[in-house]
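Take a look at the structure set out below.
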Amino acid sequence: MTASLIDGRKISKKIRVGIKSRVSRLREQKIRPGLGVILVASDPASCSYVSAKERACRRLGIFSETARLSASVSQSDLLNRIDVWNQSDKIHGILIQLPLPSHINQDAVIQAILPDKDVDGFHPINVGKTLIGDETGFAPCTPSGVCELLIRGGYDPSGKHTVIVGRSNIVGKPLAALLIQKKSGANATVTVCHSATKNMASYTRQADILIAAAGRAEFITGDMIKPGAVVIDVGTNHIEDPSCEKGYRLTGDVHFDSAAKVAAAITPSPGGVGPMTITMLMHNTVRSAEEFYRKLCAT
Ligand code: NAP
């Protein structure tokens, strides 16, 4: 079997057409959706993620402002910046590029964002809403992007045994919460594996849909996949490769070549979940601006 490709760039492009027209409609009403991003220190991976988000905003007509803060920034300065954006009518979504330096209390920073502007979906209010299936909240962007890839790729998770490898608060747990909801586009039977799972391959081989989010380069190999499964690779890992100009290349958690021989469909990494994450961030930011406009009209 040679798997067909679930192309995140292509699916993203289609979704972004709809987002762009929503932005135009808002701008006709003199509302420009705005995203505020906080980037602390200058880890190259974080810088490149933030640049990609800025680029996406520019292309869609979304205003974006990035606060690039030094690694020694104090927690109170960081909280002040969030407070300014919480009050601002120009900023509808606030995103903190993680990780933060160890002297900053990450939970306190996330909790300082108004839940209505928490377009990354990490505030406990939004985490709770994601779990109970309350769609007035914001679900985190990477898990939402995975669900969109499945649905738009034609792989409805309903009734499918979906195995997620990884239980982080950013990917694995919210993804499990989204997929078990009793609604169309979800309704999956979900198993979550992690570092204490014994004989992990015995679970991955049962998966109709296998989602890898462990941050371990190419560790899911073809022999761990059920023939005909759908494989979604969330992993983004830098591995040394002297043959590349930069000295490294990006790869997923799935060993693509061996997996593609067994799976029915597979996402590449890069080019799968990554573009969807940014697209869902744009969607959430515009949704927040639409809500702002709706409230403005109601007053
Ligand atoms: P994380 O916080 O490091 O969590 C990794 C999870 O995988 C943990 O739950 C860990 O288990 C589990 N794990 C690690 N090694 C394992 C193993 N050998 N067997 C079974 N489980 C194992 O990472 P994350 O933030 O969720 O990110 C996961 C990957 O997705 C990374 O490569 C990251 O770069 C990528 N990512 C991509 C996007 C995107 O937009 N494309 C967005 C977010 C993340 P324990 O809980 O037991 O430690």
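Order of listing sets the numbers, starting from 1, for every ligand and every atom in it. Since this is a predicted model, take the numbers as computed values, not measurements.
Distance check on atom 3 (O) of ligand 1: every protein heavy atom falls at or beyond the 4.0 Å cut-off.
Ionic pairing of Lys90 and Glu65 is not present here: no N-O contact between side-chain nitrogen and carboxylate oxygen is shorter than 4.0 angstrom. Using a 4.0 Å cut-off between a side-chain N of Lys or Arg and a carboxylate O of Asp or Glu, Lys295 and Asp116 qualify as a salt bridge. Between Arg287 and Glu290 no salt bridge is recorded (no basic side-chain N to carboxylate O distance below 4.0 Å). At a threshold of 4.0 Å, the pair Glu218-Arg249 counts as salt-bridged, since one of the basic side-chain nitrogens sits closer than that to a carboxylate oxygen.
With a heavy-atom cut-off of 4.0 Å, Val234 touches ligand 1 through backbone and side chain alike. In Thr236, the parts holding a heavy atom less than 4.0 Å from any atom of ligand 1 are both the side chain and the backbone.
One distance of note links CG of Asp77 with CG of Leu69; it measures 8.0 Å at 0.5 Å rounding. Residue Ile220 holds its CD1 atom at 11.5 Å from CD1 of Ile211, rounded to the nearest 0.5 Å.
Annotation: atom 24 (P) of ligand 1 to nearest protein heavy atom, Ser168 OG, 3.7 Å. Nearest non-hydrogen protein atom to atom 31 (C) of ligand 1 is Gly215 CA, 3.5 Å. Looking at atom 10 (C) of ligand 1, its nearest protein heavy atom turns out to be Ser195 N, 4.4 Å. Ranking the protein heavy atoms by distance from atom 12 (C) of ligand 1 puts Gly166 CA, 3.9 Å first. The protein heavy-atom contact nearest to atom 44 (C) of ligand 1 is Val171 CG2, 3.9 Å. The nearest protein atom to atom 42 (C) of ligand 1, hydrogens excluded, is given as Thr142 OG1, 3.2 Å; this is a heavy-atom distance.
The closest approach between Asn237 and ligand 1 falls below 4.0 Å for a heavy atom of the residue. Distances from ligand 1 to the non-hydrogen atoms of Ala213 include at least one value under 4.0 Å.
Side-chain N/O atoms of Gln29 and Tyr293 include a donor and acceptor closer than 3.5 Å.
Distances between N or O atoms of Tyr49 and those of ligand 1 include no value under 3.5 Å.
No chain of hydrophobic side-chain contacts below 4.5 Å, direct or via other Ile, Leu, Val, Met, Phe, Trp or Tyr residues, connects Leu26 to Met280. Linking Ile, Leu, Val, Met, Phe, Trp and Tyr residues whenever their side-chain heavy atoms come within less than 4.5 Å places Ile164 and Ile232 in a single cluster.
If you check each of Arg167, Met276, Met200, Arg216 against atom 9 (O) of ligand 1, the one with the closest non-hydrogen atom is Arg167.
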